[in-house]
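Below is one structure; the comments refer to it alone.
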Amino acid sequence: MATTDDVKLLGTWWSPYALRVRIALNLKSVKYQFIEEPMWPKSELLLESNPVYRKVPVLIHNRRPIPESTLIAQYIDAVWASSSPPSSSLSSSSIFPSDPYHRATALFWSGFVDDHIFPTMRRMRLAADEGAKGEEMKKLLEELSQLEDVLLQSKGNNNKNNKFFGGERIGWLDIALGCFVGWFRAVEVSNDVKLFEGTPNLSQWAEDFAADDAVRGVLPSTEELVEFSEDFTNKLREAAGCR
């Protein structure tokens, strides 16, 4: 087990971005305290730790806060550089690629996930009618198709038998996209669709990702996310109607 000193993570169980940090910590075998942050009102600890954006996740290491999932993952990779899961037989435990080009590429596509995949899913959830929802669903399928191409290219550049974007084991792009696997499944259940029907490699990747030891223990269940999404969406629509 990696030396942890004092490691706390402020997050919510349903947040894909908090999940990124939990997976990164698990990959490094770092023991930490997960502090569930209430949606309303925001805790004093969160406001003190992230006064600019006032949102989760925030990693607090030895009383020093680090916000934003990508920055936190880079911090974890640097601080616990030599740590790896006890069962790992791999020589490298880095979350981010060591090659500068591959590292930049992983960061580019994780930015694509944040700038396109997440906003599309959010707009789809809040769509006023079926027509608007259908348009967003079409966009989401197109975006997933682009990531299918990235996965295929990754296999071609490395080893066609590799399961992940990162190769034999989970890397940063796997974490960045994989934190939404539970939400993808919730979308499928709520909308009676198969998101990965046209992307077979991405479909298998999602299964492998969810089954990984670093993920399985923290990935929210589909049923929990469906129930939360319905309740949260109703609250947002009620709030918008009161303005």
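Counting begins at 1 with the first residue of the sequence. We use all heavy atoms of the structure for the numbers below, so side chains are in, but hydrogens, waters and symmetry mates are not. Quick caveat, the model's predicted, so the values are computed rather than measured.
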In chain order, what residues pass the side chain to side chain contact (heavy atoms under 4.5 Å, CB included) check against Gln33, with sequence neighbours excluded?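 Applying side chain to side chain contact (heavy atoms under 4.5 Å, CB included) to Gln33 gives Lys8, Ile35.
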List the atom of [X], the atom of [Y], and the distance in Å for their closest heavy-atom pair.
X      : Y      : result
Arg169 : Phe164 : C-CD1, 3.5 Å
Ala24  : Ile95  : CB-CD1, 3.7 Å
Leu219 : Ala210 : CD2-CB, 3.8 Å
Ala18  : Gly11  : CB-CA, 4.0 Å

Has [X] got a side-chain atom pairing as donor or acceptor with [Y]'s backbone, closer than 3.5 angstrom?
X     : Y      : result
Arg54 : Leu47  : no
Lys28 : Trp80  : yes
Arg20 : Ala176 : yes
Asn62 : Asp6   : yes

Rounded distance [0.5 Å steps], [atom1] in [X] versus [atom2] in [Y]:
X      : Y      : atom1 : atom2 : value
Ile66  : Leu59  : CD1   : CG    : 5.0 Å
Ile23  : Leu27  : CD1   : CG    : 7.5 Å
Met121 : Phe180 : CE    : CZ    : 6.5 Å
Lys42  : Glu37  : NZ    : CD    : 7.0 Å
Trp14  : Glu227 : CH2   : CD    : 14.5 Å
Asp213 : Ile170 : CG    : CD1   : 9.0 Å

Report yes if some heavy atom in the side chain of [X] is under 4.5 Å from a heavy atom in the side chain of [Y]; otherwise report no.
X      : Y      : result
Val226 : Glu230 : yes
Trp183 : Ser229 : yes
Gln74  : Asp77  : no
Val215 : Leu19  : no
Asp208 : Asp212 : no
Val21  : Tyr32  : no
Val58  : Leu9   : no
Lys31  : Val7   : no

Can you list, pair by pair, the side-chain donor-acceptor contacts under 3.5 Å of residues 106-113, counting residues two or more places apart and other chains?
residue	atom	partner	partner atom	Å
Ser110	OG	Ala106	O	3.4
Ser110	OG	Leu107	O	2.9
Ser110	OG	Trp172	NE1	3.0

Between side-chain atoms of residues 189-202 and protein atoms elsewhere (two or more places apart, or another chain), which donor-acceptor pairs fall under 3.5 Å?
residue	atom	partner	partner atom	Å
Ser190	OG	Ala186	O	3.0
Asn191	ND2	Val187	O	2.9
Asn201	ND2	Glu148	OE2	3.1

#### Entry: Other cluster members, Tyr53 - Ile/Leu/Val/Met/Phe/Trp/Tyr, side-chain contacts below 4.5 Å
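Listed partners: Val52.
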- Item | Contacts of type salt bridge (charged side-chain N to carboxylate O under 4.0 Å, His left out), residue Lys55, not counting sequence neighbours |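 For Lys55 there are no salt bridge (charged side-chain N to carboxylate O under 4.0 Å, His left out) partners, ignoring immediate neighbours.
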For Asp149, which residues count as a salt bridge (charged side-chain N to carboxylate O under 4.0 Å, His left out) partner, sequence neighbours excluded?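 Partners of Asp149 under the salt bridge (charged side-chain N to carboxylate O under 4.0 Å, His left out) test: none.
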- Query: Taking the six-membered ring for Trp, are Phe118 and Tyr17 parallel (under 30°), tilted (30 to 60°) or perpendicular (over 60°)?
  - Reply: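 Taking Tyr17 first and then Phe118, their aromatic rings stand perpendicular (interplane angle over 60°).
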Please determine whether residues [X] and [Y] belong to a single hydrophobic cluster, defined as Ile, Leu, Val, Met, Phe, Trp and Tyr linked transitively by side-chain heavy-atom distances below 4.5 Å.
X      : Y      : answer
Ile175 : Val79  : yes
Leu25  : Phe96  : yes
Val181 : Val150 : yes
Leu147 : Met137 : yes

- Message: Centroid separation under 6.0 Å, is that true for the rings of Phe165 and Trp205?
- Response: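 Yes; Phe165 has its ring centre under 6.0 Å from that of Trp205.
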field: SB check Glu142 Lys139 (cutoff 4.0 Å)
entry: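 No, no charged N to carboxylate O under 4.0 Å.
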Verify salt bridge (Lys or Arg N to Asp or Glu O under 4.0 Å) between Arg185 and Glu224, making sure each step is shown before the conclusion. CA-CA 11 Å; Arg185 292 173 174 174; Glu224 290 175 318; over 6 Å; no
